Number of protein chains: 2
Amino acid sequence: MDPHLLRTFVTVADCGSFSAAAERLGYTQSAVSQHIATLESDLGTPLLRRRPVVPTPAGERLLEHAGPILLRLDAARADVRRTVADPPSTLTLAASPLAARSLATALAEVRRTYPGTETSLTVCGRDQVVAGVAAGTFTLGLVDGIATPTDPLNLTNAVQLRTTSVAHDTLVVALPTTHPLARPGRRLSLGDLADARWIDAPDLAAPLATLRAAAGSNALRPAFTYNGTDLHTLLTLIGSGHGLAVLPRSALTPDVAAVPLTTPRLVHRTELLHGHLSDPTAEAVATALSDHE
Amino acid sequence: MDPHLLRTFVTVADCGSFSAAAERLGYTQSAVSQHIATLESDLGTPLLRRRPVVPTPAGERLLEHAGPILLRLDAARADVRRTVADPPSTLTLAASPLAARSLATALAEVRRTYPGTETSLTVCGRDQVVAGVAAGTFTLGLVDGIATPTDPLNLTNAVQLRTTSVAHDTLVVALPTTHPLARPGRRLSLGDLADARWIDAPDLAAPLATLRAAAGSNALRPAFTYNGTDLHTLLTLIGSGHGLAVLPRSALTPDVAAVPLTTPRLVHRTELLHGHLSDPTAEAVATALSDHE
DNA sequence: ATGGCCGATCAGAGATACTGATACACGTGG
DNA sequence: CCACGTGTATCAGTATCTCTGATCGGCCAT
């Protein structure tokens, strides 16, 4: 199970095509076909059904493992490189959209201590933050998400990365101000909202899939899916009645109503992610953020 | 970073010798030397200091990743095989010593439902249980350990394995009955015991390293190390005054005294580990165990 | 029916990964 | 301090592997 073969397999499964995967990987279609054949004969079972190209059950099992394995290999390489290379001159940060907001004050503090620091901040999806920090593309990452009050975030791929909790906030249901449930003092449980019109904004707010898992319910169907990272757009959508979403209280503006979410008991949490820190500047940011709790 | 190279690297680091690793792996010394050279030139840094053979800091980083990566590769292979192969006729179980005790009643129940089931039980160290279940050597594993009351066990290598809590018990300090602290109604915190004579039995009782981490203390030095899995021997050692150890209450016999451990707040927990279960018998054991909570 | 698309297969060239032999370096014991 | 022995590095050669490019064959859409 050569990592090259795994990478090819993942790419083929992702593309749904041998030829497309070949192009993306810079191989010939022939090579890709041989890669998959090698894997299949090694494991003794078909991994993909052809035409159309779909993973078999065995292929699905392998896919579950292949991604994390490849990520971990990158993380290993990055970790080794970090112990050798001298610390980078620019501080490379990544954050998921709602986590980025915790950064400004902490960064200001660091700027005072290390005035010459060049900084780069990338806002992207949670998985990309985790993958990027693991692979060494980013020095530090900030990821937000929901969790039970006592548990840390469940960052499946974050093995071998250090995490520190940097902030938490209560979760609220964001509603149009005119919504009948938007009365002051009102509290809600997810059960009350099983049949509501939901906006699923998985890169920005609490993903509906996560809420379903936490509620143990199979309801909560999205009426509207927002694939974007812009908070203002989401709030506008909510405000104009396209649906509701679960957000940390501090993310809301006055033009949408916030009703605290009581059950299941969940909080919004922001965590700092990093590998081994040899860079004093990065370490300063890390401690500045942790202290700000 | 071919897995073969990683395996060689791990073996060399473990043996402390190229030639010994070569023999263990069935290669020539020349091949091993070339493997390491390839890895080092790929990563652009020395990984081992030679003569004596010791990992460099970069090598240590890589070692931290290499083991889990290789384990995960095995787990992937095992997971794929499981979806293809028909369920094994004998139920292969593994358990850490103190976890094995939860098995008997559950197994009896299964024997009633599936009378023809052949069973094999291996008792071994916690890590070996986790590795064996991941690699598919065992169908089910039971691991015990200590954790805070709300958290699950911290099974670092158990990625992609399902875990279910099957039992918990209060932790007590086991002392000779004649010990001055062994008064009825007495309660203890780890801080009180910083300077006590400890028996470290990492494969059997709560490892001192774990207790140190939980207490946040650097005290707790072992006066006696017991590398073994036999509970009776450990209790005898404790009873005859060689030192004390932290154990689940239910493990003790009347010839040693038990004083509840109050701080840090920890419990003894037993968890069931398994991959994807296709085997109905294994599933029966799994549910029988979970229900027994 | 037929053309286009896509995956499988095949043969051959280049790269790789071993072995066995040998050179070299370090730590040790005299 | 030198010589020896143990243990790693290097080298050359061969067997194997892994690509490419060409070709075949099957399925679907027109």
Side-chain angles (χ1 to χ4, degrees), chain A residues 1-60 62-63 66 69-70 73 76-77 80 84, chain B residues 1-60 62-63 66 69-70 73 76-77 80 84:
Chain A
M1 293 213 307
D2 190 312
H4 290 125
L5 303 186
L6 288 181
R7 194 172 64 115
T8 305
F9 175 64
V10 171
T11 311
V12 170
D14 185 44
C15 295
S17 150
F18 283 50
S19 337
E23 182 151 3
R24 198 197 292 181
L25 295 170
Y27 286 130
T28 57
Q29 174 267 320
S30 171
V32 169
S33 184
Q34 290 175 47
H35 278 185
I36 303 298
T38 306
L39 259 185
E40 292 184 327
S41 90
D42 176 22
L43 294 172
T45 177
L47 297 168
L48 296 167
R49 242 181 288 281
R50 324 294 155 100
R51 211 183 296 264
V53 173
V54 184
T56 61
E60 308 241 354
L62 185 59
L63 272 179
I69 288 171
L70 294 173
L73 279 165
R77 160 166 273 115
V80 169
V84 180
Chain B
M1 293 215 305
D2 188 312
H4 290 125
L5 303 186
L6 288 181
R7 194 171 63 113
T8 304
F9 175 64
V10 172
T11 311
V12 170
D14 185 44
C15 294
S17 149
F18 283 50
S19 338
E23 181 152 2
R24 199 197 291 182
L25 295 170
Y27 287 130
T28 57
Q29 175 269 319
S30 170
V32 169
S33 184
Q34 288 174 48
H35 278 185
I36 303 298
T38 307
L39 259 184
E40 291 184 327
S41 92
D42 176 22
L43 294 172
T45 177
L47 297 169
L48 295 168
R49 241 182 288 283
R50 324 295 156 101
R51 211 185 285 267
V53 173
V54 182
T56 62
E60 307 241 354
L62 185 59
L63 271 179
I69 288 171
L70 294 173
L73 280 165
R77 161 166 272 116
V80 169
V84 180

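We name chains A, B, ... by the order of the sequence lines, and we start the count at 1 in each one. If you're wondering where the values come from, they're calculated on a predicted model, not measured in any experiment. Hydrogens, waters and symmetry mates play no part in the numbers below; they use all other heavy atoms, side chains included.
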> Do Glu60(B) and Leu47(B) touch side chain to side chain, with heavy atoms closer than 4.5 Å?
Replying inline: no
>> Could you walk me through whether Thr38(A) and Gln34(A) satisfy the side-chain hydrogen bond (donor to acceptor under 3.5 Å, both in side chains) test, starting with their C-alpha distance in whole Å, then the side-chain angles of each, then the deciding distance to 0.1 Å, before giving a yes or no?
In response: CA-CA 6 Å; Thr38(A) 306; Gln34(A) 290 175 47; over 6 Å; no
> For DNA chain D, which residues in residues 12-19 of chain B have a heavy atom at a distance below 4.0 Å?
Replying inline: Ser17(B), Phe18(B), Ser19(B)
> Using a heavy-atom cut-off of 4.0 Å to chain A, what are the terminal contacting nucleotides of DNA chain C, in 5' to 3' order?
Replying inline: dC6(C) to dC10(C)
> Whole-Å distance between dT6(D) C1' and Glu23(B) CD?
Replying inline: 15 Å
> Taking protein heavy atoms under 4.0 Å as touching, what does nucleotides 15-30 of chain D look like 5' to 3' if B marks base contact, S marks sugar-phosphate-only contact and - marks none?
Replying inline: ----BBB---BBS---
> Is Leu48(B) close to Val54(B) at the side-chain level, that is, under 4.5 Å between some pair of heavy atoms?
Replying inline: no
> Got Leu70(A) and Pro3(A) here, is their nearest side-chain heavy-atom distance under 4.5 Å?
Replying inline: yes
>> Taking side chain to side chain contact (heavy atoms under 4.5 Å, CB included) as the definition, give me every residue that meets it alongside Ala66(B), ordered by chain and number, with sequence neighbours left out.
In response: Leu6(B), Val10(B)
> Side chains of Leu63(A) and Pro55(A): closer than 4.5 Å at any heavy-atom pair?
Replying inline: yes
> Can you tell me if Ser19(B) uses its side chain to pair, donor with acceptor, with the backbone of Gln29(B) under 3.5 Å?
Replying inline: no
> So do Asp2(B) and Leu5(B) actually touch side chain to side chain, heavy atoms under 4.5 Å?
Replying inline: yes
>> A side-chain contact here means heavy atoms from C-beta on lying under 4.5 Å apart; do His35(B) and Val12(B) qualify?
In response: no
>> Quick check: do Asp14(B) and Arg24(B) have side-chain heavy atoms less than 4.5 Å from each other?
In response: yes
>> Using five base pairs at each end to define the local axes, how bent is the helix from dA1(C)-dT30(D) to dG30(C)-dC1(D), to the nearest 10°?
In response: 30°
> Between Ile36(B) and Phe9(B), which heavy-atom pair has the shortest distance, and what is it?
Replying inline: CD1-CA, 3.8 Å
> Which pairs with one or both residues in residues 27-45 of chain B pass salt bridge (charged side-chain N to carboxylate O under 4.0 Å, His left out), sequence neighbours excluded?
Replying inline: Arg77(A)-Asp42(B), Glu40(B)-Arg50(B)
